[in-house]
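This report concerns only the one structure given below.
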Amino acid sequence: IGMDFGSFKTSVTASNGYRETFPTAVGWPKDHVARAMLGRDVIFGEEILQERLALNVVRPFAKGALKYVAGCEVGVGEDQLEEHREAARLLVAHAVQMMSPPPGVPVYGVIGAPSRASIENKQVLMDAVRGTLDAVVIVAEPFSVAYSMNRLKETLVVDIGAGTTDICPMYGTYPKEEDQITIPIGGDSVDEEFFMRLKTEYPDAQLSLNMARGIKEKYGFVHDVNEEAVVLLPVDGRPTQFDVTEPLKAACRALVDPIVKGLRDVIARFDPEFQRPLLQNILLGGGGSRLNGLDQLVEESLEPFGGGSVTKVDDCVFAGAVGALKLAQGMPRQYWEQLCERCDPAKVA
């Protein structure tokens with residue numbers, strides 16, 4: 001199994017041909033009435049959005065929590081920590097169940113983690129798979145994206161997730177930790193910025209953060225080429241038309257400067273003879289790469305530094321999971337068996 005355990009969406013694929021993507025969230029019924037209505041103790045997938053008023057919803061990795069930063073840094077208190085860890089465990093079990101593994105067959109997995117995730121953060125992922133996977137290997141998320149596309153040499157991967165953005169250079173071997181960076185911004189920060197700009201510009205409009213996210217996912221762009229985003233939002237319950245083009249563009253563009261600065265910081269660590277080939281082969285992945293015009297705007301922002309060439313991954317939803325699965329399938333069976341013998345029941349590598 002290959003899994004891209006994103007802050008907002010999880011994608012998983014398996015050697016038997018199954019693949020799925022679903023929200024990285026768990027919903028528990030708020031009370032016995034909700035439990036009776038739903039008929040289950042735990043809710044997963046898109047149904048969480050439909051039934052969220054009846055649920056206590058937990059996104060265990062929101063804003064990079066647990067995967068990259070400590071929970072307390074994003075408002076997860078000690079009293080909530082175990083709930084978030086339990087949500088992560090349930091999500092892994094749900095993902096594996098969706099792959100329909102045959103009974104009694106060992107299940108091995110490769111899971112992506114942010115480039116600069118600490119040992120403690122990786123241990124959270126280890127705990128999440130315990131009892132579900134027989135053995136696991138944890139790799140840098142942008143590495144699995146590059147692996148899926150055979151871009152393992154002279155490539156700079158920018159993986160824009162919901163909680164974090166990873167920048168990882170590929171130069172023919174597994175990248176060293178000190179060569180990679182993780183920026184604590186992503187789709188979540190764009191959603192919040194867009195939401196605040198809308199509330200400021202149109203104070204009478206009624207909307208939620210989920211509504212702002214939906215608008216961004218449908219219309220999100222960063223360039224200046226005749227884009228227009230006009231949406232209906234309620235005002236005192238009456239649908240009203242609003243032009244959200246400028247606040248949307250401004251919010252989405254907030255990603256560009258940190259990405260360009262991160263690219264410069266990573267490039268500066270290499271000998272000058274290797275800098276130009278890397279800049280000429282920048283690969284954008286992750287959900288954030290879908291923003292219209294982001295590749296062109298990053299290219300334009302690199303012109304003062306000699307320019308660069310930026311392309312997007314073919315499939316931003318499954319690229320990380322496919323790369324993780326490809327890596328898992330390429331490992332000799334005896335390697336997995338040795339991991340099973342050494343771990344109880346899972347081992348990080």
Side-chain angles (χ1 to χ4, degrees), residues 114-116 140-162 164-187 189-190 193-194 216 219-228 245-246 248-317 319-320 323:
S115 291
R116 298 304 301 273
E141 288 168 343
F143 173 79
S144 63
V145 171
Y147 203 84
S148 73
M149 300 185 66
N150 294 317
R151 301 279 285 270
L152 299 177
K153 186 178 179 182
E154 295 181 344
T155 302
L156 271 173
V157 182
V158 182
D159 186 26
I160 309 168
T164 61
T165 295
D166 291 323
I167 300 178
C168 175
M170 302 301 303
Y171 41 83
T173 186
Y174 192 82
K176 294 181 289 188
E177 183 176 332
E178 58 267 26
D179 292 334
Q180 310 170 59
I181 65 171
T182 295
I183 306 168
I185 64 165
S189 54
V190 172
E193 176 75 10
F194 179 44
K216 181 206 71 176
Y219 297 103
F221 71 100
V222 294
H223 54 71
D224 294 314
V225 185
N226 298 324
E227 290 281 357
E228 186 178 49
T245 306
E246 289 306 315
L248 178 59
K249 179 170 70 174
C252 292
R253 282 188 172 220
L255 286 174
V256 177
D257 286 346
I259 288 174
V260 171
K261 181 181 183 303
L263 288 169
R264 290 169 51 199
D265 290 346
V266 169
I267 284 292
R269 301 171 188 179
F270 285 82
D271 291 338
E273 62 186 291
F274 298 113
Q275 293 180 6
R276 181 51 39 195
L278 285 169
L279 281 171
Q280 291 301 320
N281 198 10
I282 297 170
L283 182 66
L284 296 185
S289 68
R290 289 182 292 186
L291 293 174
N292 292 332
L294 183 60
D295 48 348
Q296 296 98 319
L297 191 56
V298 172
E299 280 189 1
E300 292 171 10
S301 300
L302 288 170
E303 288 178 0
F305 310 101
S309 179
V310 183
T311 57
K312 297 181 179 182
V313 298
D314 299 327
D315 182 354
C316 67
V317 176

Shortest non-hydrogen contact from [X] to [Y]?
{"X": "K216", "Y": "G187", "value": "NZ-O, 3.6 Å"}
{"X": "G308", "Y": "R276", "value": "N-NH1, 4.4 Å"}
{"X": "I181", "Y": "G262", "value": "CD1-CA, 3.4 Å"}
{"X": "V260", "Y": "F305", "value": "CG1-CE1, 4.3 Å"}
{"X": "G293", "Y": "Q296", "value": "CA-OE1, 3.1 Å"}
{"X": "Q180", "Y": "P175", "value": "NE2-O, 3.4 Å"}

Does [X] use its side chain to pair, donor to acceptor, with the backbone of [Y] at less than 3.5 Å?
{"X": "D271", "Y": "E273", "result": "no"}
{"X": "T165", "Y": "I185", "result": "yes"}
{"X": "E141", "Y": "D159", "result": "no"}
{"X": "E299", "Y": "V310", "result": "yes"}
{"X": "S144", "Y": "G323", "result": "no"}
{"X": "R290", "Y": "G220", "result": "no"}
{"X": "K312", "Y": "S289", "result": "yes"}

Step by step, work out the side chain to side chain contact (heavy atoms under 4.5 Å, CB included) result for L294 and V256. CA-CA 8 Å; L294 183 60; V256 177; 3.9 Å; yes
Might you work through the side chain to side chain contact (heavy atoms under 4.5 Å, CB included) test for M149 and V313, ending with a clear yes or no? CA-CA 8 Å; M149 300 185 66; V313 298; 3.7 Å; yes
So, taking the atom named [atom1] in [X] and the one named [atom2] in [Y], what distance separates them when rounded to the nearest 0.5 Å?
{"X": "E154", "Y": "L279", "atom1": "CD", "atom2": "CG", "answer": "11.5 Å"}
{"X": "E303", "Y": "S301", "atom1": "CD", "atom2": "OG", "answer": "8.5 Å"}
{"X": "I160", "Y": "C316", "atom1": "CD1", "atom2": "SG", "answer": "10.0 Å"}
{"X": "F274", "Y": "I267", "atom1": "CZ", "atom2": "CD1", "answer": "11.5 Å"}
{"X": "E228", "Y": "E246", "atom1": "CD", "atom2": "CD", "answer": "10.5 Å"}
{"X": "L263", "Y": "I282", "atom1": "CG", "atom2": "CD1", "answer": "5.0 Å"}

Side chain to side chain contact (heavy atoms under 4.5 Å, CB included) assessment of R151 paired with T311: CA-CA 12 Å; R151 301 279 285 270; T311 57; 3.7 Å; yes
If we ignore angles and hydrogens, is there a donor and acceptor under 3.5 Å between the side chains of D179 and Y171?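 Yes, because at least one side-chain N or O of D179 sits under 3.5 Å from a partner of the opposite role on Y171.
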Under a 4.5 Å cut-off applied to non-hydrogen side-chain atoms, are L156 and V266 in contact?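 Answer yes - side chains close enough.
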Applying ring-ring contact (aromatic ring centres under 6.0 Å, His included) to F143 and Y174, what does each step give before you reach the verdict? CA-CA 8 Å; F143 173 79; Y174 192 82; 4.6 Å; yes
My understanding is that only one of D295, V145, L255, I167 makes a side chain to side chain contact (heavy atoms under 4.5 Å, CB included) with V158; could you say which?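 So, applying the side chain to side chain contact (heavy atoms under 4.5 Å, CB included) to V158 and each of D295, V145, L255, I167, only I167 qualifies.
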Is the shortest side-chain N to carboxylate O distance from D265 to R269 below 4.0 Å?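 Looking at D265 and R269, the cut-off is not met.
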